[in-house]
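Predicted, not measured: the structure shown is a model, and the values here were computed from it. Numbering of residues begins at 1 and proceeds along the displayed sequence. In listed order, ligands and their atoms are each counted from 1.
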Amino acid sequence: MRLVLLGPPGCGKGTQGEKISKKYNIPRFSTGDILRAAIKNGTPLGKKAATFMNRGELVPDELVVDLMAEPIASHSQGFILDGFPRTVGQALGLVKILEKNGIELDAVVNITVAEDAVVKRLGGRRQCSKCGALYHIEYSPSKKDGVCDKCSGSLYQRDDDKEETIRNRLRAYKNETAPLVDYYKTIIKNVDGNGKEEEVFSRISSLI
Ligand code: AMP
C-alpha cells in the first residue's frame, strides 16, 4: 500500500500514521520528523530548514522533494507519506519520483478537523525529546507529568506549537496545502478527524 496522509496541522496525521504503520507493517516517512532530526543534528539541511520551521512556514519544495526520493525508492513496495507532499509543486515532484520507480499511489487519506479544534490540539501537544512519541496534556496525557511513558525521555512543547506559529502554519495550510485536495480528487478519501484517536483510526482502517 502506497499512501499519502493529508490534512491541516494538528489533524492527527502523525498519530494515525504511526498506527497505520504498526497495524499494516508499512514504513512511515514524516518530513516533519526528518527535518526536526536534521535541525537537532545541526546538518546543513537542518540549518536551512530551521528558519522556515520556527516561523511556521513551509520549507522550500526542492529541499523536501530531494529528501523523500531515497526513502521512496528503497521502499517502493509500500510506504506512508506523512506531511508530504504539502504543495502542488511537491506533488509534481512526487510524480517524478514515482515514475522513476515505476509505481503509483494507492490512496490519499485526507483527515479533516475544524480550525478551532486544531488550535486546541496543537497548543496542548507535547513530544518526547528522545523517541518522538506524541502526547496531549488534556486528551492523551503521559502517566507521569512531563515524562514519556515509552522511554522516560522528557516531554517538551515544539516551538512551532506556540500560538502565533500555529496561526502561520494554518495560513500555510490554507494557501499551499489545501489545493492538494482538488489535485488528488480522483484518489482522495476524506476521513472525519474529530473524536477519539481510536474512533478516527477505525474510520481510516475501514477505508484502507
Ligand atoms: P509537521 O511535523 O508535519 O507538522 O511539520 C512541521 C514543520 O515542518 C512544518 O510547519 C514545515 O515548516 C516543515 N515541513 C514538514 N513537512 C514539510 C513539507 N512537506 N514541505 C514543507 N515544509 C514541511
Side-chain angles (χ1 to χ4, degrees), residues 3-21 28-41 43-72 79-98 105 108-113 115 117-129 131-136 155-181 183-184 193:
L3 200 69
V4 164
L5 283 182
L6 204 65
C11 71
K13 282 193 302 292
T15 308
Q16 298 299 333
E18 201 48 48
K19 282 179 177 287
I20 302 168
S21 169
R28 160 184 167 256
F29 300 106
S30 151
T31 37
D33 286 351
I34 297 171
L35 291 168
R36 275 185 291 281
I39 293 177
K40 204 171 163 190
N41 296 327
T43 67
L45 168 72
K47 282 182 187 132
K48 281 187 207 154
T51 341
F52 299 98
M53 287 177 78
N54 292 338
R55 288 198 294 245
E57 291 168 10
L58 293 183
V59 173
D61 285 353
E62 58 277 14
L63 289 183
V64 277
V65 173
D66 282 354
L67 205 66
M68 295 314 267
E70 195 283 320
I72 293 173
F79 49 75
I80 302 162
L81 302 182
D82 167 357
F84 175 85
R86 237 157 154 133
T87 66
V88 173
Q90 290 177 23
L92 297 173
L94 176 59
V95 168
K96 287 203 185 120
I97 300 175
L98 295 173
L105 292 177
V108 174
V109 172
N110 181 36
I111 307 178
T112 57
V113 280
E115 191 169 320
V118 161
V119 175
K120 219 176 157 200
R121 283 184 184 195
L122 290 178
R125 185 159 77 169
R126 298 293 180 269
Q127 187 158 23
C128 175
S129 52
C131 75
L134 291 167
Y135 297 88
H136 190 282
L155 305 185
Y156 75 108
Q157 182 177 39
R158 279 166 43 178
D159 282 342
D160 63 346
D161 280 347
K162 300 196 170 138
E163 203 178 322
E164 198 184 320
T165 320
I166 292 175
R167 274 198 215 104
N168 281 342
R169 291 169 69 194
L170 281 168
R171 205 172 303 131
Y173 171 77
K174 272 190 203 147
N175 294 337
E176 299 179 73
T177 310
L180 287 178
V181 174
Y183 178 89
Y184 282 126

Can a donor-acceptor pair be found, under 3.5 Å and without considering hydrogens, that links the side chain of T165 to the backbone of G56?
no
Closest non-hydrogen atoms of I39 and G46, given as atom of the first, atom of the second and distance, are CG1-O, 3.5 Å
Ion pair check, D161 and R126, cut-off under 4.0 Å
no
I'd like to know if the side chain of D159 and the backbone of N54 have a donor-acceptor N/O pair within less than 3.5 Å.
no
Mind listing the N or O contacts between ligand 1 and protein, cut-off under 3.5 Å?
{"residue": "ligand 1", "atom": "2 (O)", "partner": "R36", "partner atom": "NH1", "Å": "3.0"}
{"residue": "ligand 1", "atom": "2 (O)", "partner": "R36", "partner atom": "NH2", "Å": "3.0"}
{"residue": "ligand 1", "atom": "2 (O)", "partner": "R158", "partner atom": "NH2", "Å": "3.4"}
{"residue": "ligand 1", "atom": "3 (O)", "partner": "R86", "partner atom": "NH1", "Å": "3.0"}
{"residue": "ligand 1", "atom": "3 (O)", "partner": "R86", "partner atom": "NH2", "Å": "3.2"}
{"residue": "ligand 1", "atom": "4 (O)", "partner": "R86", "partner atom": "NH2", "Å": "3.4"}
{"residue": "ligand 1", "atom": "4 (O)", "partner": "R169", "partner atom": "NH2", "Å": "2.9"}
{"residue": "ligand 1", "atom": "5 (O)", "partner": "R86", "partner atom": "NH2", "Å": "3.4"}
{"residue": "ligand 1", "atom": "12 (O)", "partner": "E57", "partner atom": "O", "Å": "2.6"}
{"residue": "ligand 1", "atom": "16 (N)", "partner": "T31", "partner atom": "OG1", "Å": "2.8"}
{"residue": "ligand 1", "atom": "16 (N)", "partner": "R86", "partner atom": "NH1", "Å": "3.1"}
{"residue": "ligand 1", "atom": "19 (N)", "partner": "G83", "partner atom": "O", "Å": "2.9"}
{"residue": "ligand 1", "atom": "19 (N)", "partner": "Q90", "partner atom": "OE1", "Å": "3.0"}
{"residue": "ligand 1", "atom": "20 (N)", "partner": "Q90", "partner atom": "NE2", "Å": "2.8"}
{"residue": "ligand 1", "atom": "22 (N)", "partner": "V59", "partner atom": "N", "Å": "3.0"}

Closest heavy-atom pair and its distance - P85, Y184:
CG-OH, 3.3 Å
Tell me, which pairs form a side-chain hydrogen bond (donor to acceptor under 3.5 Å, both in side chains) where one or both residues lie in residues 81-91, sequence neighbours left out?
R28-D82, D61-T87, D61-Q90
